[in-house]
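All values derive from a computational prediction rather than experimental measurement.
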Amino acid sequence: MVLSGLFYVLQLLYPQIINPKPLSQRITNYKLEVELDPVAKTVSGTMDAFWVNPSSDVVPDIQLHMYLNAFSSNKSTFYKESDGSPGTEEIDYGWVKIKSMTDRKGNDLKSIMKYISPDDNNPDDMTVLDVPLPEAAKPGDTVFIKVSFVSKLPTLTHRTGFKDDFFFVGQWFPKFGVYEPAGMRYAVKGGWNCHQFHYNSEFFSNHSVYDVKITVPKEYVIGTGGILLDEKGEGEKKKTQTWRAEDIVDFAWTAWPGFAVYMDQWKHVKITLLLPKDRSEQVDRQFTAVKYALEYFDKNVGPYPWPYITIVDPPKKGNGSGGMEYTTIFTSESAYWMPEYFKFPEMVTIHEFGHAYFMGILASNEFEEPWLDEGVNSFWEERILDHYYGPDAGMLDHPFLKVSDETMARMEYVLSGNRQVVSNAEYSWNYPHRTYGLMSYMKTATWLYTLMGIVGEETTNEIFKEYYRKWAFKHPSGRDFVNIVNEVVPRINGNKFGPDMNWFFDQTLYGTGICDYKVSNFFNSSITDFKGIVNTGDSILFKKSGREKDTLFKATVQLERLGEVMLPEEILVHFDNGDHILETWDGKSRFKDFKYTGKRKVDWVKIDPDYKIKMDVNYINNSMTDNPDKKPVRRYANKFISFMQFFINIISL
Amino acid sequence: MSIIYPIISGAVRSIKSIKGVLAIWLSTLFLVSLVAIPMKSSIDAVLGLSMITEKLKNGINFDVLADFGTNLPAILSAAVSGILLLVLSGFLVNVFFNGGLFTTLRNGEEKYSSAQFFRSAGTRFWPFLLITGIMSIMVLASLLLIFGIALGIAGSSDSSPEGARFRAVIIGGLISVFLLPIFLLVVDYARVWQVTSSKPDGFKAIGVGFRQTFKHFFSSYPVMFINMLIQALFGWFVLKFISGYGPQTGGGIFLLFLLSQFLFILRISLRVWRYGSVTAMYENHPV
Ligand SMILES: [Zn+2]
């Protein structure tokens, strides 16, 4: 094939340094040489980059992300979506300016390039650049560009920028969009998939090699998504570091004189942690959390393929950059005083690390399918936190109050008045009523838990292992994920859930319904002997009887489906003699009755006794008993009374 | 003057006033129950015949809170307004009873008399409200000032280290701990003076409170500080006990109720002990 021959050449140009073999196709590659000006708040320099036409199309142009331009005005799509503005002073604004751009032959491209807004036709948005090629790219052709550029960083409020002498440099250089050949992610025909910078999404790129030379003042400590190959001084006051990264979808870096650097190791992975010097007591927490995540993903999804990871715990003034993922570098969010029982830093670290898998390795399109990125990742984040920090204590582990991470997501979904406004399968900027987070994080995680409740934990892990095996370093779509589920579940469970799981995804991912099952009632009536007219042949006899056989009962259990979503349910019926029966119900009809005749009476009934169907928006009506346990509430009432008595007494001097 | 005498004398006086202590206990219990019982009933009503309470056995469970659904905001807003009313009325009731207590704590009162207790509570109500109200505001304002200044010195600029702010809060807390006894001495001396004076005059009482506090600072402060230290230790123990004790049986819950009420009575007695000590100190150097 054209491609493989070409890749051989490219591999000579870009010899392997980090891993023995390329992990990805490396359709795009970048060589950057830049200098940070800490006074002007700019990063300027040159970029040599190429893109290989992976399709059988003749492609007349290239498209580039120019994402810092999102911070150039309050009319950019980013700020229109957020209803804000980059700031009040000129220094607050960010932009990227191309000083020159040429192709391999030295043809000027700057004069023919133009900004486009494929998502919303916003004339004021300048985050996507279209560059017509002097010669269209034939299948397999490599398009080289040489760019000289200046990136002015914005004041750090969202993800990228500066605050005083702290810099987090993300989405900072002209970067290729993804050319999708027909068939890739079910595209009907080939074309550029290059979205504008949006308030809620920013990632979809090819896996690339990055060679980046960064010059900064000597006192700055740098962290990047690569490994450091070389450092040399530039006169008295500056230094230049050479960094290398392979097979990642974005290259970000940070520079700040106030960082302390810590190192740790997990198996083959060297972990670097950069955090403010006076936050050293948080070091162990961060290392522990990321090692938990490495272990859990390695065991249940697939290996972490790079030999390093860099964690940045930004200072308070740099909080705007906290909680961001750039695959081999990510930012956590913590504070000097963060108490041990509050697992927020762990949550952010595990979540952002998780994006190395969901987005980094499994490079789905965050713009078009945020659930496949954020939602799937939240599901794993919740599993990891609740696994390692306690099933009820993944978020908060205090003697007074414990909260699991999974519960937080479910609560947000269940309590939201907008939970039915839209389906889960929307472009990130199309979620109405500010439901982006609710849908793509919370609801997705909740139905993934529900799926795990139905098919079991082992099958779920197998789904993700297969997803990894098949799609690592490629660009899966939601349908590709569903196809994996449809393949793995019947392979393990046979026909137990039907030939495929489309019924599940149609209702959860693509549907807007809610799930709510209810025990309407149960009652026990005693069975009496025959009473009525007995026709003996010659005479009519009225048998009054009714000596009641009070030892025999007919017990009836009445269930109801209140929501639109139909999911298989288990029902635990308990009898007064201690017996219990576990029934199953496909959950499809509006109601379901179970009847039992015998010497025993039903005394309680539970739908979904193990709370597997997390999507059920009301657990209270899932059970009914003759004898409700009021003690826990009474205990809390007691404690409330004591607390209030003491409180009033104390404030009364 | 020895600091031992007022401590012992205060304790004796507080034991003598046990009926006043019990009156405060009962009235507070009654008031709090007025809010707590309807709140409990509405929660019970939402839970109905459900078995979800099994999830509440080990503590508050957010899953269950989520399932309250639309009931949750209703219950929460009722709770918030209930608690506000409760705090306000509880404060007033305490002001009222303190009028009685300070009277019966005086040395002249050989025997506790309920009639005198309530009569005095009634006649001292307005000046006591003034004294307690103004001093509460002063305490609040100085706390705000202390923490505000501490944080200001630590640097509100983004470049100051985070640890500095944390340490500022700690230092602010320490200063408050040492300052609080002074305010308590003032408010107690003011009330002692008020019950000895036939004329209700809250402002003058506060003036006397300040004067007495600083005039006899080195004998008064240790007495107050020791009492506060004991109360703090006691409070810490109560918090540990009440939050840590999670009985699962009906009997256990009743025992929790009895024990926590007993602890509350002890807490009131400790406070009355403080009042008694200040009364004793005042009687040594009356104005
Ligand atoms: Zn995320």
Side-chain angles (χ1 to χ4, degrees), chain A residues 163-165 258 276-279 315-317 335-337 392 395 399-404 407-408 410-415 519 604 606 611 617-626 628-653, chain B residues 28-29 32-33 36-37 39-40 43-44 46-54 56-60 62-69 72 83 86-87 90-91 94-95 98 132 135-136 158-159 161-163 166 184 187 235 238 242-244 246-250 253 256-257 260 264 267-268 271:
Chain A
K163 200 74 196 271
D164 306 332
D165 55 352
K277 285 176 182 136
D278 64 355
R279 216 182 265 173
K316 189 171 174 292
K317 63 182 173 186
Y336 174 83
W337 48 268
D392 293 317
M395 188 73 241
F400 291 5
L401 186 61
K402 292 186 197 301
V403 182
S404 88
T407 287
M408 290 301 289
R410 177 177 176 266
M411 182 165 77
E412 204 169 314
Y413 165 65
V414 166
L415 279 179
V519 178
W604 55 258
K606 271 189 204 174
Y611 301 100
V617 297
N618 187 348
Y619 283 158
I620 295 176
N621 64 11
N622 277 30
S623 56
M624 189 180 269
T625 171
D626 267 349
D629 182 5
K630 307 246 183 226
K631 289 193 289 290
V633 179
R634 218 162 76 214
R635 198 174 71 225
Y636 281 108
N638 269 348
K639 289 192 177 186
F640 173 77
I641 289 174
S642 306
F643 175 80
M644 286 312 298
Q645 283 176 313
F646 276 88
F647 181 72
I648 290 170
N649 199 263
I650 287 165
I651 62 154
S652 305
L653 297 181
Chain B
T28 322
L29 178 61
V32 176
S33 303
I37 290 170
M39 250 169 70
K40 178 182 172 295
I43 290 170
D44 277 339
V46 174
L47 295 175
L49 297 176
S50 176
M51 300 169 79
I52 195 79
T53 47
E54 71 191 5
L56 294 171
K57 273 188 182 144
N58 299 316
I60 291 172
F62 274 52
D63 257 337
V64 181
L65 286 184
D67 295 317
F68 273 57
L72 188 64
I83 288 170
L86 186 59
V87 168
F91 181 80
N94 269 284
V95 167
N98 283 343
T132 324
M135 290 310 294
S136 300
D158 280 319
S159 53
E162 292 169 42
F166 185 76
L184 292 180
V187 70
V238 170
I242 291 187
S243 58
Q248 306 287 352
T249 63
I253 292 167
L256 169 72
F257 176 75
S260 53
F264 181 58
R267 147 77 203 175
I268 306 171
R271 202 178 68 172

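Using a 4.5 Å cut-off between heavy atoms, B:Leu86 contacts chain A through both its backbone and its side chain. Heavy atoms of B:Ile37 lying under 4.5 Å from chain A are absent altogether. For A:Val617, the part sitting under 4.5 Å from any heavy atom of chain B is the backbone (N, CA, C, O) and nothing else. Using a 4.5 Å cut-off between heavy atoms, B:Val87 contacts chain A through both its backbone and its side chain. With a 4.5 angstrom heavy-atom cutoff, A:Ile620 touches chain B via backbone and side-chain atoms both. For A:Leu401, the part sitting under 4.5 Å from any heavy atom of chain B is the side chain, from C-beta outward, and nothing else.
Atom OG1 of residue B:Thr28 and atom CZ of residue A:Phe647 lie 13.5 Å apart, to the nearest 0.5 angstrom.
Comparing A:Met624, A:Met644, A:Lys631 by how many heavy-atom pairs each has under 4.5 Å with chain B, the most go to A:Lys631. Per-residue counts of heavy-atom pairs under 4.5 Å with chain B were compared for A:Phe640, A:Tyr611, A:Trp604; the largest is that of A:Tyr611.
The closest donor-acceptor contact from the side chain of A:Asn638 to the backbone of B:Ile253 lies under 3.5 Å. Formation of a donor-acceptor pair under 3.5 Å by the B:Asp67 side chain with backbone atoms of A:Tyr619 is found in this model. No side-chain donor-acceptor contact under 3.5 Å links A:Arg635 to the backbone of B:Gln248. Side-chain atoms of A:Arg410 do not come within 3.5 Å of backbone N or O of B:Phe62 as any donor-acceptor pair. With B:Lys40 contributing its side chain and A:Arg634 its backbone, the two residues share no donor-acceptor pair below 3.5 Å.
In A:Phe643, the CZ atom is not crowded: 12 or fewer heavy atoms of neighbouring residues, nucleotides or ligands sit closer than 6.0 Å.
Taking every heavy atom of both residues into account, B:Met135 and A:Leu653 meet most closely at CB-CD1, 4.0 Å.
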